[in-house]
There are 2 protein chains.
Amino acid sequence: MALVNLPKTPKGLETLERIRKAAEMLFSEKGYYNTSVTDITTEASVAPGTFYIYFPDKKSVFRYLLEDMSHTLRTEIGVATKDCTSRYDKEYMGFKTFFDFVKKHSGLYKIIWEAQFVDNEMFKEYYENFAARYMIKIREAQQTGEFLDLDPKILAYCLIGISNFIGLKWVIFDNEPVPDEVIREIMRFIRSGAFADPQPANRQ
Amino acid sequence: MALVNLPKTPKGLETLERIRKAAEMLFSEKGYYNTSVTDITTEASVAPGTFYIYFPDKKSVFRYLLEDMSHTLRTEIGVATKDCTSRYDKEYMGFKTFFDFVKKHSGLYKIIWEAQFVDNEMFKEYYENFAARYMIKIREAQQTGEFLDLDPKILAYCLIGISNFIGLKWVIFDNEPVPDEVIREIMRFIRSGAFADPQPANRQ
DNA sequence: ATTTTACATGAATAGTGATTCATATTTCAT
DNA sequence: ATGAAATATGAATCACTATTCATGTAAAAT
């Protein structure tokens, strides 16, 4: 069964969009399990049955939003970093775009965190896919000599962890955009590490 | 209302413990919202009403587990890092202890992630508390000259993000312990950063 | 031994909520 | 304009679930 039954008329498209927006709003406000299908249809000003014209069940609208989000985020990061010449700039712009996205769509962003408990497979796939793409970029930067020879998988998850928790604190907890100074500070950290007196890199 | 009504006889203690264990198991297996009180009491081999002798409602057992977990984790990290002489060793042992904990109590660990959607206040408090403690340690290490003068708050959330996402990937996704080589690689990263040719640390 | 307190039961309550479907209306192609 | 396709309705269904309570049993205190 498809995730969504796409409408064939402008009217249908408009209705689907209203349902999508209502779901996005309510999921981010109250979470998936505290939102009923009736909540969604009421917010969208349609009858309960209308929901099932477009979605086979409640979970599908969640998946639909997640896929949408994941695609939009990837695209935005891709566009924003396209013209960066150095890995350093790409990394900076990647962070910046991610934080902007989280601020602009904090509702959608929260959906990812909840996915672990709604659709665990999708949650895992989302992050592993994200990490896999990151690893490719990391390997490229290692070949040009821009990045140290750290394990790409480990480095990818470190960087993803950093962006997610900085986004969590500033945007989700404190409802602020992540200031540029914070991004610069993160860049200082991933450029030089945290220790004042770096030890030899290959000590066992 | 208290989170839990502590029993006054050995028999009661044993029953409470059975309920606690059943809840922990089911929450980590299926999540809070896909676990019913009846599921818990069935798993614990007691009648539904027995649950309410010990907990005022369903949410309380979740909170109870969360507090328990949070306390145990803090204690274990405290003990493990007590005798470390350098900040480097403390950081290493902190990571190691955290990963061991996640592996050993992966069920409890997942509860934290879900807390955002069950008890958002508690979720926020948990991480802000964790970060606040981290910040104190970071400032100390900066005073002894072991750490660079990065913003303690930002650094704390970076390090928390790293440990959480490495734990997520290895333990939750792949169900493996985090190998020591991975911890060493993380240490390389936070010691030297990711870039091969570090720029001056204070460039604007 | 008897009274009191603690613990346990499970059927009943009261409410929720996802989903269906028979029916009605609107839109569109011809 | 008209038949077909698309969209919309909302009451009814059915399953589920948190919680209560009247009753019963076990343990502890006196």
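We name chains A, B, ... by the order of the sequence lines, and we start the count at 1 in each one. Because the structure is predicted, anything quoted here is derived from the model rather than measured.
- In this structure, B/Ile53 places its CD1 atom 14 Å from P of D/dA26, rounding to the nearest Å.
- The distance from atom CG of A/Leu13 to atom P of D/dA6 is 13 Å, rounded to the nearest whole Å.
- Closest to the A/Pro48 side chain, of the nucleotides D/dT9, D/dT19, C/dT19, is C/dT19.
- Minimum atom distance to the side chain of B/Pro7 is reached by C/dC7, of the listed D/dT19, C/dC7, C/dG17.
- Of the residues near DNA chain D, A/Leu6 and B/Phe51, the one whose nearest nucleotide (by heavy atom distance) lies more toward the 5' end is A/Leu6.
- Taking atom CZ of A/Phe55 as the reference point, atom P of D/dA8 lies 13 Å away to the nearest angstrom.
- Note that CG of A/Asp151 and CZ of B/Phe189 are 12.5 Å apart. Values are rounded to the nearest 0.5 Å.
- Ring planes of B/Phe130 and B/Tyr126: tilted class, angle from 30 to 60°.
- Within the 4.0 angstrom heavy-atom criterion, base atoms lie near A/Thr50.
- Direction of the helix axis in the helix from C/dA1-D/dT30 to C/dT30-D/dA1 shifts by 10° between the two five-pair termini, rounded to 10°.
- Of the candidates D/dT7, C/dC7, D/dA11, the closest approach to any side-chain atom of B/Thr15 belongs to C/dC7.
- In this structure, the side chains of A/Ile77 and A/Phe101 stay at 4.5 Å or more apart for every pair of heavy atoms.
- The distance from atom CG of B/Leu150 to atom CG of B/Leu159, rounded to the nearest 0.5 Å, is 9.5 Å.
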Verdict with supporting geometry, A/Tyr109 and A/Val171, side-chain contact (heavy atoms from CB on, under 4.5 Å):
CA-CA 10 Å; A/Tyr109 174 67; A/Val171 182; over 6 Å; no
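- Residue A/Asn5 contributes atom CG, which lies 13 Å from atom P of D/dA8 at whole-angstrom precision.
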N/O-N/O pairs, protein side and nucleotides 22-27 of chain C side, under 3.5 Å:
none

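- Taking atom CG on A/Leu16 and atom P on D/dA6, their separation rounds to 16 Å, with Å as the unit.
- Looking at heavy atoms from C-beta onward, A/Val102 lies out of side-chain contact with A/His105 at the 4.5 angstrom threshold.
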I would like to know whether B/Asp57 and B/Ser60 meet side-chain hydrogen bond (donor to acceptor under 3.5 Å, both in side chains); could you show each step before the answer?
CA-CA 6 Å; B/Asp57 50 35; B/Ser60 293; 2.8 Å; yes
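- As a whole-Å value, the separation of B/Lys8 NZ from C/dT5 C1' is 9 Å.
- Here B/Thr41 lies out of heavy-atom contact (under 4.0 Å) with every strand.
- Here the side chain of B/Ala47 is nearest to one of C/dA18, C/dG10, D/dA6, namely C/dG10.
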Considering only distance and modelled atom types, tabulate donor-acceptor pairs under 3.5 Å from the side chains of residues 172-179 of chain B, sequence neighbours left out.
| residue | atom | partner | partner atom | Å |
| --- | --- | --- | --- | --- |
| B/Asp174 | OD1 | B/Lys169 | NZ | 3.4 |
| B/Asp174 | OD2 | B/Lys169 | NZ | 3.0 |
| B/Asn175 | OD1 | B/Lys103 | NZ | 3.3 |

Might you work through the side-chain hydrogen bond (donor to acceptor under 3.5 Å, both in side chains) test for A/Tyr88 and A/Arg191, ending with a clear yes or no?
CA-CA 9 Å; A/Tyr88 182 93; A/Arg191 196 208 289 128; 3.0 Å; yes
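- In this structure, the nucleotide among C/dT19, C/dC7, D/dA8 sitting nearest to the side chain of A/Tyr54 is D/dA8.
- Look at CD1 on A/Ile40: it is 17 Å from P on C/dT16, rounded to the nearest Å.
- Note that A/Lys58 lies in the cation-pi zone of A/Tyr32, set by a 6.0 Å cut-off to the ring centre and a 45° limit from the axis.
- Computed from coordinates, the B/Asp39 CG to D/dT17 P distance equals 6 Å when rounded to whole Å.
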